[in-house]
Participant: 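One structure, as structure tokens, below. Some questions next.
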Amino acid sequence: MLLNEKIKKSLEDDLLLLVHHHADVDSVASAIALKTIFSDATICASDGISVSGQNIAKITYDDILLKPPAEWDGTVIALDSPNPEHCGPVPKAKQVVVIDHHSRITGWPKGTEIIHQPQKTSTAEIIFLLIKEMGLEISKTCATVLLSAIYTDTGQFRHANNETFNVASELCNAGADPQEIISILDRERPLAQKTMFLKAAQRMKWLQEGKWIIATSLVGSFESGSARLLIVLGADVAIVASGNKKGEMRLSTRASNRIVSEGFNLTTVLESVKDMNGGSAGGHPGAAGYNGKGDAEAITEITKQKCISSIRELP
Ligand SMILES: [Mn+2]
């Protein structure tokens, strides 16, 4: 059972569904799916929605609040967010509930109710189970957004497990159409994104450590898509950074399935960057992110060195 009495009670209150910064498909879809059940809920993003997240938002055209209120007279549900920095500022509320599937959950204050299922390949799968547990019907829209999230978070099912396929099949029975989802997710990319991906490739540097290739690059935005593309190009580890004039920087990292299956873990690498430089880190062994302060290029270099060290420690 995922729901305890305290969470069940808090779901009867006014709900604010909070997605993480630069919200991805999993986060936005989880919010929209919950809104198909709790139609009075408010969806809120505190730091923008990614292009692919916006494609999902267009399925229902639900209003999305772009700035969280300082206080919320009810329950805040933080989605796909392993720490409060990832979706903050989190409004003061009667109750905060976190629903997440990242490896490690940290930093949530005492009294927060946490539904943490790190073995699930997406937050959407947890939402699916929650709705089932409540004995409620899954509508076609709900099934469509949840299956879109599963597609995305599993890298088109490359990281899927047996349970992922079971849930996907149930979502199809509830009306999700796999081909329709592919066409939603494959909508044409904005020009700014295409040119940024090309710049990421142009500015890429790479080195070989044993049989593994580490690639780094620097972009103005779209770090995570850029990192994924460097893996497609042949890197085993991709580190893509962006920084702004305020001195804030963001790292997105990806690792190939092959190196992850040999024990390489990006979460551990970025946790150690966090221990050294402050900020926040989180993710999965093969896909993780870091937010902090400092020079984007310098932090990239440090991260690269840490990747080299952990590659040398692989069995
Ligand atoms: Mn996710």
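Both ligands and their constituent atoms are indexed starting at 1 by order of listing.
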Participant: Taking 2.8 Å as the limit, list every protein N, O or S atom around the Mn ion (ligand 1), by chain and residue number.
Facilitator: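 Short answer, with waters excluded from the count: Asp26 OD2, Asp80 OD1, His101 NE2, Asp153 OD2.
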Participant: Compute whether any side-chain donor of one residue and acceptor of the other, for Thr121 and Thr164, lie under 3.5 angstrom apart.
Facilitator: yes
Participant: Would you indicate whether the side-chain heavy atoms of Glu125 and Gln117 approach each other to under 4.5 Å?
Facilitator: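 When only atoms from C-beta onward are counted, Glu125 and Gln117 do not touch, as no gap falls below 4.5 Å.
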Participant: With side chain to side chain contact (heavy atoms under 4.5 Å, CB included) as the test, pick out the partner of Glu223 among Met249, Arg250, Arg228.
Facilitator: Arg250
Participant: Quick one: which of Ile37, Leu136, Leu3, Leu11 gives a side chain to side chain contact (heavy atoms under 4.5 Å, CB included) with Leu130?
Facilitator: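 Output: one option passes, namely Leu3.
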Participant: Less than 4.0 angstrom from a charged side-chain N to a carboxylate O is my criterion; do Lys274 and Glu85 meet it?
Facilitator: no
Participant: Check side chain to side chain donor-acceptor pair (under 3.5 Å) between Asp100 and all other residues, then give those that pass, not counting sequence neighbours.
Facilitator: His102
